[in-house]
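Please read the structure below before turning to the comments.
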Amino acid sequence: MLLSCRWFSIEYWYLDSNQQRIWSFPVSKIVAIVHSGSTNCKKKIHFVLLISRQGKVRLTKWYSPYSQKERTKVIRELSGVILSRGPKLCNFVEWRGYKVVYKRYASLYFCMCIDQDDNELEVLEIIHHYVEILDRYFGSVCELDLIFNFHKAYYILDELLIAGELQESSKKTVARLIAAQDSLVESAKEQASSISNIIAQATK
Amino acid sequence: MASPSLMDTLFQRTLDDIIKGLRHQQAGESAFISKVVEEIRREIKSTDLHTKSIALQKLTYINSIHFIDMSWAAFHAIECISSPNFSHKKVGYLAISMSFNESTSVILLITNQLRKDLKSNNEFEVSLALDCLSRIGTADLCRDLTPEVFTLLSSSKVFVRKKAIGVVLRVFGKYPDAVRVCFKRLVECLDGTDPQIVSAVVGVFLLKIFAKLAPLEPRLAKRVVEPICDHMRRTGAKSLMFECIRTVVTSFTDYESAVKLSVAKIRDFLVDDDPNLKYLGLHALSIIAPNHLWAVLENKEVVIKSLSDDDPNVKLESLRLVAAMVSESNVVEICRVLVNYSLKSDPEFCNEILGSILSKCCQNVYEIIVDFDWYVSLLGEMSRIPHCQKGEEIENQLIDIGMRVKDVRPELVRVGRDLLIDPALLGNSFLHRILSAAAWVCGEYVEFSTKPVELVEALLQPRTSLLPPSIRTVYIQSAFKILIFCLHSYLLQRENIADDMASEMLGLKSQGECSGSSALVTGKAPACQEQDEGFNPRDSNKSYEDLSIINEGDVSALLEKGFTHESIVNLLNLIELALGPLSGSPDVEVQERSKNVLGFVDLIKQEISNGFVSERASKIIDMVHDAFTEELGPVSVNAQEKVPIPDGLMLKENLADLDAICGNVQLPSSISFSMGSPFGESVGASVSIPQSKEESEPSSESTSLLAEHRKRHGLYYLPSEKNETLANDYPPANDPKSSDNTNDDAQDLVKLTDKSLLPKRRSNHAKPRPVVVKLDEGDVAPIIAKKSATRDDLLSDAVRDILLGNVAKTASSQSIISDKSSSKRKGKEKLNVDLPESREILGVEKPDLGNPSSRRSKHRSHGKEKSRKSPEKKNSDEIGDGEKESRRVDIAIVGIKQNKELKGP
């Protein structure tokens with residue numbers, strides 16, 4: 001069984017272990033234990049925020065339950081903390097017992113909130129990965145693209161993460177899926193917005 | 001109503017229009033938004049799904065960016081997802097995943113639609129539904145949709161399978177029973193030939209898995225640790241390397257070579273230019289610190305330098321590390337460094353530093369403090385740091401130390417005096433709490449003071465008007481205590497002189513010399529003095545003070561203080577003058593206390609006129625003095641609860657009555673008595689209230705009054721009591737004091753700590769550590785530096801059950817599990833077989849194993865892993881004849897019992 005993972009060179013690691021047979025039972029079972037047992041099904045990423053340098057919110061995605069009030073509060077607090085940080089400081093902020101990993105791309109801050117014991121560097125790579133996919137999709141993405149296509153940014157994020165976990169590490173795959181869905185939406189829209197349809201609706 | 005709908009449809013604003021509109025609005029954005037929301041509310045009711053979906057999309061946008069509530073549109077979102085049109089569905093699902101939560105009332109309405117979409121032929125619809133379920137899945141939803149999701153685990157589309165796995169994990173969290181139904185399917189899926197699926201789930205978690213598993217199976221660690229090290233040496237990916245390091249430092253701390261390697265790698269991180277790596281390096285160090293302090297000491301230079309980093313995160317992390325380095329032998333030096341450092345850092349970090357010093361030093365009832373004199377003077381120094389906002393903490397510690405450590409009281413009084421005398425401190429509102437502690441200490445332990453009159457002057461200085469009333473009352477009370485002490489000393493002195501005159505002149509003569517008379521009395525004086533001077537020449541009066549502890553009569557001390565009739569009268573006049581205006585204070589507490597003191601002064605003045613003290617006066621003074629000399633000890637937090645409630649006492653009812661009374665009238669007398677309570681000494685404050693002698697209240701009322709008193713004067717109670725009456729929320733007052741060593745830079749600091757941080761054996765403790773009074777129970781629980789254990793819950797139990805079944809299957813040559821219960825039983829048998837060996841592990845595990853089921857499950861997994869590892873060897877054991885087995889079970893039970901006893905109740 002060969003594992004491929006683009007994030008880290010896990011392959012080596014896994015081959016090593018395979019040769020030495022360090023596991024006495026299949027990885028899958030370990031994974032299952034860890035995922036469902038010891039970790040108590042903790043979500044990896046609690047929320048994703050995109051904040052502009054002026055403190056405007058561009059995208060919010062919540063993987064843990066937060067009420068509307070809490071959301072506003074979280075954003076106010078975090079944008080205060082993150083926007084005030086200088087350029088040469090580290091990309092992690094400890095906040096209410098969580099860690100917020102952020103990275104600035106042009107005028108946008110991409111922030112993800114994770115648990116204390118999650119791997120910060122990995123999340124940093126996820127952020128970068130997301131930005132690369134956005135870049136590929138929009139063709140050198142800028143803030144305006146995200147402002148006017150906020151739903152698309154959401155859909156891309158949904159392909160990338162599920163339940164706060166990274167699920168797709170291939171940029172190509174994500175691009176393909178999004179393109180396929182786009183064409184589906186387009187054809188559906190065309191059908192719906194044809195004038196005859198509107199009239200049919202109206203006179204119903 | 002076709003026409004408005006048509007109008008809406010034809011002239012509906014699109015999302016782009018809204019966004020553009022919003023961007024053109026300079027001011028009045030909220031007005032624009034509310035207008036748009038009005039529009040949306042109308043449009044969303046349209047029967048045309050297209051119009052509806054656009055309205056919903058606009059609403060979703062406004063909700064996600066401007067946080068306008070959209071829960072009212074929940075039903076419309078459901079309508080959208082039921083549309084056959086994919087684009088409507090998509091908008092609907094987006095809205096649902098943004099706005100639904102557990103409390104959304106209509107959430108169950110989407111069950112059917114989700115089921116339909118999960119079964120859809122269009123894989124994108126399936127994926128939408130999966131996304132949605134992963135986000136909003138409640139227990140009910142998970143229960144209802146589990147079969148559909150599990151069917152998808154064998155979907156032919158890769159990305160659907162991946163999403164399904166993601167959702168399954170969520171389902172497991174919400175609905176553990178699902179594990180039992182389809183765990184096998186999941187495992188098959190993970191075992192499957194498609195590497196991509198496994199990679200997505202496994203990939204990044206591989207090392208975490210080992211970290212989590214290591215405590216469960218020690219032998220796994222042995223075999224894994226070497227490859228991990230290997231990888232650490234070879235990998236170029238920093239994130240993986242960090243994960244390796246973290247795995248080692250959290251789970252494999254027993255493997256010397258691995259730890260050494262990871263510390264070396266951490267060092268690389270620390271010296272890296274990338275602030276991220278530096279931070280993570282420090283973080284890793286702080287994880288390893290409790291077990292391998294040497295790792296921190298090795299890197300102390302970097303750690304100390306990081307204290308002056310630009311990044312507050314890095315600073316905090318390094319502060320934690322410095323605090324971790326503190327031990328009994330170097331606490332003095334490190335605290336010195338940190339205090340110096342706090343002088344030149346920004347207010348926020350300064351308080352972080354002070355807070356960490358305070359919390360580190362008071363850990364486990366001042367475990368690491370040997371020289372309390374030093375610590376008390378450090379507290380005094382800390383309170384003079386300009387940015388200090390730790391008033392409450394310092395206050396608590398000053399009083400706590402005073403109560404617990406007898407030997408430190410002279411120094412405590414000296415520190416208190418220095419604080420009280422400085423008029424500048426009164427202007428800093430953050431210091432008020434500390435001042436009240438200082439005042440209390442000086443009043444309570446006045447017998448150690450060299451110049452009580454000076455203390456009274458300090459307590460009554462004009463600038464005390466800057467204090468809040470609650471602290472002024474402490475001042476007044478302390479002044480009263482000191483007055484009583486002076487009067488009493490004066491009386492004793494008179495008696496003494498009379499006696500001496502009658503019998504011998506020796507005593508009087510020796511008063512000029514060092515301490516002749518006291519040597520007569522105790523015989524211990526020379527030794528005492530010698531010791532003191534050898535240790536601390538700072539306070540030449542110390543020997544007297546020490547003596548006065550030894551002989552309760554304080555003969556020598558008061559002779560030294562030499563009260564004359566004149567000085568006493570002056571003192572009385574001073575008090576009268578200072579407290580006179582306060583008797584009209586608007587604050588009842590201040591008013592009452594000062595009135596009491598004034599009344600007392602008045603009485604005494606009459607009685608001791610013309611240098612003659614009447615019998616009556618001396619009796620009164622004696623009595624009050626007796627009340628004050630009663631030692632106040634630390635009180636257990638639970639002391640109050642332990643006092644049995646007398647029969648016929650209805651606490652709650654009474655309190656309610658009192659409320660009603662207090663609502664109408666400001667009861668000034670509500671605090672003045674607290675003695676006659678059935679609690680006596682168990683509540684420290686009772687002694688400090690003079691009136692309590694005379695006034696004795698019915699016990700039922702006194703309880704509530706006591707509570708009232710406790711509320712107002714938390715100060716007199718043990719520090720564990722939260723004092724709510726005073727809040728220190730003011731901005732830091734810049735007290736331009738004592739910023740003398742602000743200009744030594746980081747370099748010096750490193751050099752300084754270079755010396756001081758070495759854990760050298762210091763043998764020059766001239767004085768043994770004084771006795772610290774500890775309570776057997778109810779005291780602050782000792783802080784044990786332990787990581788929180790991985791909690792086992794229902795779910796992991798379920799997983800292990802299943803796993804166990806699986807393992808049983810594999811152990812018995814791959815037969816399919818058909819009967820769950822039988823496999824379970826088999827597992828249990830194996831558990832018993834393995835129990836004796838795994839006893840040690842049990843001992844290592846966390847003490848919160850109270851839940852027997854979790855304990856059992858752990859053992860099961862041990863047994864299982866073990867049996868998987870070496871099936872050949874284990875085989876005989878597993879089959880083992882019944883007799884042998886039952887014997888081993890007995891052993892196992894004994895083992896558990898022993899363990900329980902070891903751990904205690």
Side-chain angles (χ1 to χ4, degrees), chain A residues 2-5 7-10 13 16-17 20 22 24-38 40-41 57 60 65 68 71-72 88-92 94 119-122 125 147-148 150-151 154 158 162-163 165 167 169 177 181 184-185 188-189 192-193 198 201-203, chain B residues 2 6 9 16 19 48 50 61 64-65 67 69 85-87 90 94 101 124 131 134 159 162-163 166 169-170 172-173 187 190-191 195 198-204 206 209 212-213 223-224 227 231 235 237-240 242-243 275-276 279 311 313 790-791 793 795-796 799 803 865 868-869:
Chain A
L2 177 83
L3 288 181
S4 69
C5 178
W7 299 108
F8 322 109
S9 33
I10 293 261
W13 159 225
D16 276 356
S17 43
Q20 296 177 10
I22 57 160
S24 51
F25 52 87
V27 190
S28 50
K29 287 177 190 167
I30 310 180
V31 175
I33 296 176
V34 171
H35 262 277
S36 39
S38 312
N40 282 329
C41 275
V57 183
T60 55
Q68 205 68 257
R71 292 178 184 188
T72 328
K88 292 241 164 124
L89 308 183
C90 72
N91 295 88
F92 319 123
E94 281 176 46
N119 192 324
E120 298 87 346
L121 294 174
E122 181 201 325
E125 284 174 71
I147 293 173
F148 283 102
F150 89 106
H151 48 293
Y154 275 112
D158 280 345
I162 189 163
E165 305 263 9
Q167 61 145 355
S169 56
L177 290 174
Q181 294 188 46
L184 254 180
V185 171
K189 251 189 200 157
S193 58
I198 294 176
Q201 276 287 331
T203 51
Chain B
L6 182 63
T9 309
D16 274 12
I19 295 170
D48 177 22
H50 187 65
Y61 174 79
S64 85
I65 306 296
F67 303 106
D69 178 51
N85 185 315
F86 184 68
S87 67
K90 222 174 164 183
L94 181 61
N101 56 38
F124 296 108
D131 272 338
S134 81
F159 83 98
K162 272 193 216 171
K163 285 197 174 177
L169 296 174
R170 161 95 189 185
F172 281 177
V187 170
L190 292 170
D191 274 336
V198 185
S199 85
V201 184
V202 177
V204 288
L206 217 50
I209 291 161
K212 294 265 159 62
L213 274 187
R223 303 174 77 169
V224 163
H231 205 70
T235 184
K238 293 283 193 232
S239 51
L240 180 58
F242 180 63
E243 201 53 56
N276 289 341
Y279 170 76
D311 193 334
N313 286 344
T790 48
R791 235 172 358 104
D793 55 6
L795 178 54
S796 56
V799 171
L803 261 186
E865 283 158 32
R868 279 286 294 158
K869 280 236 170 77

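Reckoned from all heavy atoms, side chains included, excluding hydrogens, waters and symmetry mates. Below, chain A is the first sequence line, B the second, and so on; all start at residue 1.
Using a 4.5 Å cut-off between heavy atoms, F86(B) contacts chain A through both its backbone and its side chain.
Counting only heavy atoms from C-beta outward, the side chains of Y279(B) and L89(A) never approach each other to under 4.5 Å.
Taking the ring-ring contact (aromatic ring centres under 6.0 Å, His included) definition, one finds that F150(A) meets it with Y154(A), Y61(B), sequence neighbours left out. With sequence neighbours excluded, no residue satisfies ring-ring contact (aromatic ring centres under 6.0 Å, His included) with F242(B).
Between N276(B) atom CG and L121(A) atom CG the span is 6.5 Å, to the nearest 0.5 Å.
Between I19(B) and F148(A), the shortest heavy-atom contact is CG2-CE2, 3.4 Å.
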